Amino acid sequence: MANAVIMPKAGITVESCIIGEWIKKVGDPVNVGDVLFTYETDKASFECESTAAGTLLDIFFEEGDEVPCLVNVCAVGNPGEDTSALRGGSAAEAPAEAPAAAPAAAAPAAAPAAACATKARGVLMPKAGITVESCIIGEWLKKVGDQIKVGDVLFTYETDKASFECESTEEGELLAIFYEEGDEVPCLENVCAVGPHGEPTDCLKGIGGTPAAAEAPAEAAPAAEAAAPAAAGAQTVIMPKAGITVESCIIGEWLRKVGDSVKEGDILFTYETDKASFECESTATGTILEILHEEGDEVPCLDPVCTIGVPGGAAAPAANAGAAVSPRAKKLAATAGVDATMATGTGPNGRIIERDVRELMANPPVVAQAAPAVQAAPAAAPAPAAAPAPAAAEAEAEYRDVKFSGIRRAISKSMTTSLHTMAQLTHNTSFDATAILNYRKQLKAAGGEYAGITLGDIVLYAVSRTLLNHPDLNANMLDDNNIRIFNHVNLGVAVDTPRGLMVPTIRHADEMSLLEISKAVKELAAECRDGAISPDKLSGGSFTVSNLGNMGVESFTPVINPPQTGILGVCGTIDRVRKGKDGGIEIYPAMGLSLTYDHRAVDGTPAAKFQKELGFNLENFTVLLSK
């Protein structure tokens with residue numbers, strides 16, 4: 001019996017996706033893992049890989065159609081099989097409506113039908129990138145015997161670049177787990193088996209997309225031959241995934257242009273995340289045929305960025321088909337009375353899709369706005385027709401809209417999350433800065449490498465020693481019921497950069513000397529400002545210090561960097577008056593300290609005790625150094 005391929009659920013909140021382009025057509029042979037069609041959400045474009053092997057028997061939805069997630073999109077099976085029962089169905093209904101579908105699909109995958117007479121279904125190791133051949137299982141989130149629904153997260157897995165979650169494509173009981181945590185699994189091979197209780201699973205172990213291709217060379221040959229010209233003509237360069245949590249990157253500068261010859265390893269463009277900047281190297285040799293995204297564009301990770309190949313080759317026309325418009329985009333453009341070809345395509349291979357037309361409607365080209373004025377000139381009143389242009393220019397000059405950079409968006413999200421999820425409270429205190437000011441003068445007079453030690457470095461040193469006595473502030477809140485207390489101080493230091501605020505981490509600052517802390521801060525700050533810092537150096541902090549003292553700030557309310565439980569704001573020094581030992585009045589330099597803490601983890605008294613001890617240590621800094 002034929003097997004259905006469902007519309008994937010491309011995110012937790014995604015309810016439907018739009019079909020972009022069908023890569024296969026009815027009658028084509030397909031293997032498990034073959035790309036059947038492209039689809040898109042409002043955020044990004046994806047490729048749907050076949051979960052079955054056989055012949056593409058029927059296509060239920062066309063290009064441009066919006067399809068609910070987990071609904072059957074097409075049918076794959078043996079020629080002549082009936083597909084009517086699958087049309088309009090979904091993954092959740094499949095086991096009840098077509099219990100025999102599993103063995104029929106499993107048979108051509110890797111084993112004879114008699115050997116795979118089971119209603120259990122294998123869940124494949126996803127292919128997490130074009131060049132990824134295998135992935136390592138991180139953690140199993142379900143165990144044998146658990147009831148599973150389509151979309152449930154079964155396990156985490158990772159490549160050498162990032163970590164992901166694998167969602168179940170089947171419903172039933174988790175019958176068997178074929179690979180354990182830490183195992184390296186080939187992409188498109190069965191990782192586990194899901195199905196009715198008691199069903200045999202041995203025949204599903206060790207098979208999947210890769211064996212299917214090997215065992216059905218006759219079926220695979222036509223597809224391979226059809227793909228050969230495209231592969232020879234052009235190859236796609238994708239946006240790298242620059243970190244585990246990175247979903248998209250912003251193109252910085254193109255170092256090559258269309259028509260340039262490039263070799264594998266040549267740098268094509270720079271790109272940035274919210275943390276750092278990188279260079280993208282070419283994964284192909286040839287000529288740049290098309291650039292799909294411009295400088296400043298935000299591109300989802302693993303999406304195509306440009307195509308490289310031989311000019312005039314088989315794939316060249318497709319690469320230049322950026323005037324291609326999806327059916328939904330055409331329909332919207334016709335209804336709105338706009339020219340869809342004026343839109344900038346953001347779909348697969350530069351295809352113009354519905355959201356591009358909506359962007360065109362919201363921001364029509366300047367030429368389109370000016371045209372009526374030019375045509376109106378021959379009429380009776382040319383002067384009034386020309387008048388709106390200066391007015392429009394003046395209106396535009398009153399302001400300009402600036403899109404947030406990647407790092408600005410990350411700061412915005414982090415600060416909002418921090419204030420919405422924590423019970424934050426700030427204490428403002430001060431201490432006599434005479435001792436550290438005098439010590440700073442001595443270091444400067446000594447010259448050499450010690451002359452570069454700043455008041456900020458001195459405060460960091462004191463914080464790294466004081467925090468050890470206040471573990472609840474040297475901690476991360478894992479959730480509302482769990483806190484992770486660190487045995488060493490991993491000190492985050494807020495650094496102002498041209499791209500925005502960054503917080504690198506000095507690991508084990510409590511074991512470093514004052515001079516080592518001073519050097520570490522300067523090195524990390526330089527890497528942040530150059531945009532060359534590794535994302536690993538921007539994580540793992542247990543407490544953060546933000547210094548605005550050199551800006552003349554007397555007190556402020558620093559916002560905690562989640563999931564930390566505290567942040568110290570260092571303020572400037574001001575002259576204050578106090579009663580002297582002889583009963584007279586004396587003036588002294590007071591430095592302010594603003595401590596914000598998460599009241600879920602730390603109460604007011606312990607927080608105040610930390611500030612009091614820190615102030616004492618700074619007032620007696622030379623004694624602290626001798627400990």
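Note that the structure is a prediction, hence the values are computed from the model and not measured.
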Pairs under 3.5 angstrom only: tabulate donor-acceptor contacts from the side chains of residues 607-614 to other protein residues two or more places apart or in another chain.
unit_1: Q611; atom_1: NE2; unit_2: H427; atom_2: O; d: 3.3
unit_1: Q611; atom_1: NE2; unit_2: T429; atom_2: OG1; d: 3.2
unit_1: Q611; atom_1: NE2; unit_2: L593; atom_2: O; d: 3.3
unit_1: E613; atom_1: OE1; unit_2: H470; atom_2: NE2; d: 2.8
unit_1: E613; atom_1: OE2; unit_2: N469; atom_2: ND2; d: 2.8

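With sequence neighbours left out, the side chain to side chain contact (heavy atoms under 4.5 Å, CB included) criterion links I585 to V577. Under the salt bridge (charged side-chain N to carboxylate O under 4.0 Å, His left out) criterion, E449 pairs with K519, sequence neighbours left out. Shown here are the salt bridge (charged side-chain N to carboxylate O under 4.0 Å, His left out) partners of D603, two or more places apart in sequence or in another chain: there are none. Applying the salt bridge (charged side-chain N to carboxylate O under 4.0 Å, His left out) criterion to R600, with sequence neighbours excluded, gives D480, D598. The side chain to side chain contact (heavy atoms under 4.5 Å, CB included) check on I436 picks up F431, A433, L455, I458, M591, L618, F621, with sequence neighbours excluded. Listed by chain and residue number, H488, H508 satisfy the side chain to side chain contact (heavy atoms under 4.5 Å, CB included) test with E511 (two or more places apart in sequence, or in another chain). Applying the salt bridge (charged side-chain N to carboxylate O under 4.0 Å, His left out) test to K581 and every residue at least two apart in sequence or in another chain returns nothing. Partners of E281 under the side chain to side chain donor-acceptor pair (under 3.5 Å) rule, at least two apart in sequence or in another chain, do not exist in this structure. Every side chain to side chain contact (heavy atoms under 4.5 Å, CB included) that E554 has, sequence neighbours left out, goes to I574.
When all heavy atoms of I533 and P504 are compared, the closest pair comes out as CD1-CB, 3.9 Å. Here the closest non-hydrogen pair linking N190 and F178 is O-CD1, 3.7 Å. In terms of heavy-atom proximity, P562 sits nearest to S418 at CG-CB, 3.7 Å.
Atoms CD1 and CD1, from I288 and I308 in turn, are 5.5 Å apart once rounded to the nearest 0.5 Å.
Sorted by first and then second residue, the salt bridge (Lys or Arg N to Asp or Glu O under 4.0 Å) pairs involving residues 454-469 (not counting sequence neighbours) are D457-K522. Sorted by first then second residue, the salt bridge (Lys or Arg N to Asp or Glu O under 4.0 Å) pairs that include residues 426-438, not counting sequence neighbours, are D432-R578.
Checked against Y157 for a ring-ring contact (aromatic ring centres under 6.0 Å, His included), the options W140, Y179, F164 give a single hit: F164. When each of N474, T565, N487, T505 is tested with S542 by the rule side-chain hydrogen bond (donor to acceptor under 3.5 Å, both in side chains), just one qualifies, namely N474.
For Y450, the OH atom counts as loosely surrounded, since its 6.0 Å shell holds 12 or fewer non-hydrogen atoms of other residues, nucleotides or ligands.
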